[in-house]
**Q** 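Sharing a structure here in structure tokens format.
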2 protein chains.
Amino acid sequence: MPRTTRKTDRPDDAASLEAATNAGALGPLHAYVGYALRRAQLAIFQDFIRTLAEVDLRPAQFSVLTLIDAHPGILQSRAAAALGIQKANFVPLIGELERRELTRRVPVDGRSNGMHMTPKGRALLKRARALHDRHHARVTASLGDAELRRLIDVLERLAAVDGAPAH
Amino acid sequence: MPRTTRKTDRPDDAASLEAATNAGALGPLHAYVGYALRRAQLAIFQDFIRTLAEVDLRPAQFSVLTLIDAHPGILQSRAAAALGIQKANFVPLIGELERRELTRRVPVDGRSNGMHMTPKGRALLKRARALHDRHHARVTASLGDAELRRLIDVLERLAAVDGAPAH
DNA sequence: TCATAGTGTTATGGTGTATAACTGTTAGAG
DNA sequence: CTCTAACAGTTATACACCATAACACTATGA
């Protein structure tokens with residue numbers, strides 16, 4: 001079978017791979033914004049999940065609690081839209097929080113529910129915030145204050161890409 | 001595409017939502033790096049997927065092809081590690097690429113496979129790169145060149161958080 | 001009143017990620 | 001040389017997340 005005339009019998013020796021794992025031996029990949037974003041987002045979410053494991057809150061749950069706490073009585077549909085979550089996917093999310101008695105739904109009219117924190121939810125969120133502060137400090141340890149603000153600004157601009165066509 | 005429900009105007013029916021839209025609609029959320037990262041990463045991946053739909057490559061598949069192209073013969077395990085993918089999850093991924101005859105596995109010894117591009121794979125990757133260039137240009141349109149480099153640098157530092165305990 | 005829009009819900013499919021367990025292979029210690 | 005431990009790939013499973021369609025019920029307003 002006609003092997004490529006590439007002399008390299010070693011597909012990738014340890015050194016080469018070592019370089020691949022750390023440095024920019026990912027080929028052009030290391031210059032791609034989307035790729036860098038995925039890696040960073042994954043690493044940070046992992047740290048978040050581990051850090052908040054003792055209050056058993058995942059990022060999505062924490063964000064919902066934070067939003068409800070900041071906006072008591074907010075409607076499910078509004079909250080879902082604000083968080084960029086489909087309303088359909090929001091149902092089991094808020095359902096789980098309510099099952100744990102952290103939030104409750106209060107009917108506003110016949111078709112909409114306002115969401116509120118329970119005392120238990122507020123207490124848990126307080127603990128969660130303390131844990132999140134540690135997480136946040138660890139994550140931003142390598143960033144200056146101005147650098148952090150610039151990062152958030154850039155990320156928000158990137159999130160507005162939205163080239164979605166109409167269906 | 002969920003952006004369509006996002007209202008930029010102010011329906012002054014819900015006071016809580018009202019407050020939400022101006023002074024940091026999301027409460028403290030807008031200052032959290034992880035949250036901003038998730039939103040940006042989601043938006044960019046959506047754009048990526050739509051842009052590369054005509055070559056039917058998802059981000060993970062594109063990254064694998066790019067890596068193999070840059071490192072012909074790289075082992076599955078090495079590639080998976082370099083991309084931060086579990087080796088178990090890498091199997092159906094590379095399996096699909098091989099089924100489409102874009103890559104092929106060449107046994108190096110009895111237990112390991114080197115991965116290579118097929119001519120068909122190289123041709124598709126070339127097309128994919130052209131599409132990706134358009135995507136990349138659109139994504140980074142609002143960024144200066146220096147800003148982009150700084151962003152990548154910051155993201156790579158963030159990806160190195162890794163407070164993970166031994167696995 | 002009655003068509004229309006809004007709200008929440010169920011159901012379903014696809015994708016990504018993590019973990020455990022298993023097979024076969026290689027390498028190394030004794 | 002043998003035997004054990006580590007390695008590479010694979011299978012199976014479980015869960016979280018994201019997207020879409022279809023539905024029931026309610027509110028709105030022409």
Side-chain angles (χ1 to χ4, degrees), chain A residues 11-12 14 17 34-35 37-39 41-46 48-50 52-53 56-64 74-81 83-98 105-115 164 166-167, chain B residues 1-5 7 11 13-14 17 34-35 37-39 41-46 48-50 53 56-64 73-81 83-96 98 105-115 164-167:
Chain A
D12 244 319
L17 194 277
Y35 183 76
L37 267 175
R38 168 181 166 267
R39 297 299 296 263
Q41 193 258 347
L42 219 49
I44 289 183
F45 266 43
Q46 293 293 343
F48 182 102
I49 292 171
R50 273 190 314 104
L52 274 79
D56 192 20
L57 287 181
R58 304 189 50 84
Q61 297 172 317
F62 179 75
S63 68
V64 171
I74 188 172
L75 302 185
Q76 288 186 215
S77 53
R78 300 283 197 184
L83 293 173
I85 300 175
Q86 304 297 321
K87 60 178 181 169
N89 298 327
F90 198 78
V91 175
L93 186 50
I94 184 65
E96 171 66 11
L97 294 178
E98 189 159 346
R105 280 178 268 216
V106 176
V108 172
D109 58 29
R111 61 182 171 180
S112 57
N113 299 323
M115 298 187 299
H167 275 316
Chain B
M1 28 190 124
R3 277 298 67 73
T4 55
T5 54
K7 303 212 159 204
D13 53 344
L17 204 279
Y35 183 77
L37 267 175
R38 166 179 168 268
R39 299 297 295 263
Q41 193 257 347
L42 219 49
I44 289 183
F45 266 42
Q46 293 294 340
F48 182 103
I49 293 171
R50 274 190 315 103
D56 192 21
L57 286 181
R58 303 189 51 83
Q61 297 172 317
F62 179 75
S63 69
V64 171
I74 188 172
L75 302 186
Q76 289 186 214
S77 53
R78 299 286 197 183
L83 293 172
I85 301 175
Q86 303 297 321
K87 60 178 180 170
N89 299 328
F90 199 77
V91 175
L93 186 50
I94 184 66
E96 171 65 11
E98 190 158 346
R105 279 176 267 215
V106 177
V108 172
D109 60 28
R111 61 182 170 179
S112 56
N113 298 324
M115 299 187 299
H167 13 281

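Quantities reported herein were computed from a predicted structural model and do not represent experimental measurements. To find a chain, count down the sequence lines: A is the first, B the second, and so on, and within it residues start at 1.
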**Q** With rounding to the nearest 0.5 angstrom, report the CZ to CG distance, Arg111(A) to Asp109(A).
**A** 6.0 Å
**Q** In whole angstroms, how far is the C1' atom of dA19(D) from the CG atom of Leu93(A)?
**A** 15 Å
**Q** Could you check how far CD1 of Ile74(A) sits from P of dT7(C), rounded to whole Å?
**A** 12 Å
**Q** Could you check how far CZ of Phe90(A) sits from P of dT20(D), rounded to whole Å?
**A**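 These atoms are roughly 18 Å apart.
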**Q** So, OP1 or OP2 of dT7(C): does either fall under 4.0 Å of a side-chain N or O from Arg78(A)?
**A** no
**Q** Can you check whether Gln86(B) has a side-chain N or O nearer than 4.0 Å to OP1 or OP2 of dG16(C)?
**A** no
**Q** Which nucleotide in the set dG8(C), dA16(D), dG16(C) lies at the smallest distance from any side-chain heavy atom of Leu75(A)?
**A**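 Closest nucleotide to the Leu75(A) side chain: dG8(C).
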**Q** On DNA chain D, check which nucleotide each of Ala88(A) and Gln76(B) is closest to and give me the residue with the more 5' one.
**A**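 Whichever sits nearer the 5' end wins; that is Gln76(B).
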**Q** Find the distance Met115(B):CE to dA8(D):C1' and express it as a whole number of Å.
**A** 12 Å
**Q** Leu83(A) versus Phe90(A): any side-chain heavy-atom pair under 4.5 Å?
**A**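 Answer yes - side chains close enough.
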**Q** May I ask you to decide if Arg58(A)'s main-chain N or O and Gln61(A)'s side chain share a donor-acceptor pair within less than 3.5 Å?
**A** yes
**Q** Reading nucleotides 22-30 of chain D from the 5' end, what letters show protein touch, with B for base, S for backbone sugar-phosphate only, - for no heavy atom under 4.0 Å?
**A** ----BS---
**Q** Reading DNA chain D from 5' onward, which residue's closest nucleotide shows up sooner: Ile85(A) or Val91(B)?
**A**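 Per heavy-atom nearest nucleotide, the more 5' residue is Val91(B).
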**Q** Can you tell me if the side-chain N/O atoms of Arg38(A) get under 4.0 Å from OP1 or OP2 in dT17(C)?
**A**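 For dT17(C), OP1 or OP2 has a side-chain N or O of Arg38(A) closer than 4.0 Å.
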**Q** Can you check the Glu96(A) CD to dC17(D) C1' distance for me, whole Å?
**A**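 Result: 15 Å.
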**Q** Atom CG of Leu93(A) and atom CD of Gln86(A): how far apart are they, to the nearest 0.5 Å?
**A** 13.0 Å
**Q** How close or far is atom C1' of dA19(D) from atom CZ of Arg50(B), stated in whole angstroms?
**A** 14 Å
**Q** Between the base of dA19(D) and the side chain of Asn89(A), is there a donor-acceptor distance below 3.5 Å?
**A** yes
**Q** Using a 4.0 Å heavy-atom cut-off, does Gln61(B) contact any base of the nucleic acid, only the sugar-phosphate backbone, or nothing at all?
**A** nothing
**Q** Could you give the CG-to-P distance, from Leu42(B) to dA16(D), as a whole number of Å?
**A**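 Going from CG in Leu42(B) over to P in dA16(D) covers 18 Å.
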**Q** Is any side-chain heavy atom of Asn113(A) less than 4.5 Å from a side-chain heavy atom of Leu75(A)?
**A**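 A side-chain contact is absent here, since even the closest heavy-atom pair is not under 4.5 Å.
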**Q** Whole Å only: how far is the CG atom of Asp56(A) from the P atom of dC15(D)?
**A** 13 Å
**Q** Looking only at heavy atoms, what is the nearest atom pair of Phe62(A) and Leu57(A), with distance?
**A**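 Result for this residue pair: CD1-CD1, 4.4 Å.
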**Q** Any side-chain heavy atom of Met115(A) within less than 4.5 Å of one from Glu98(A)?
**A**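 With C-beta onward as the side chain, the pair stays apart.
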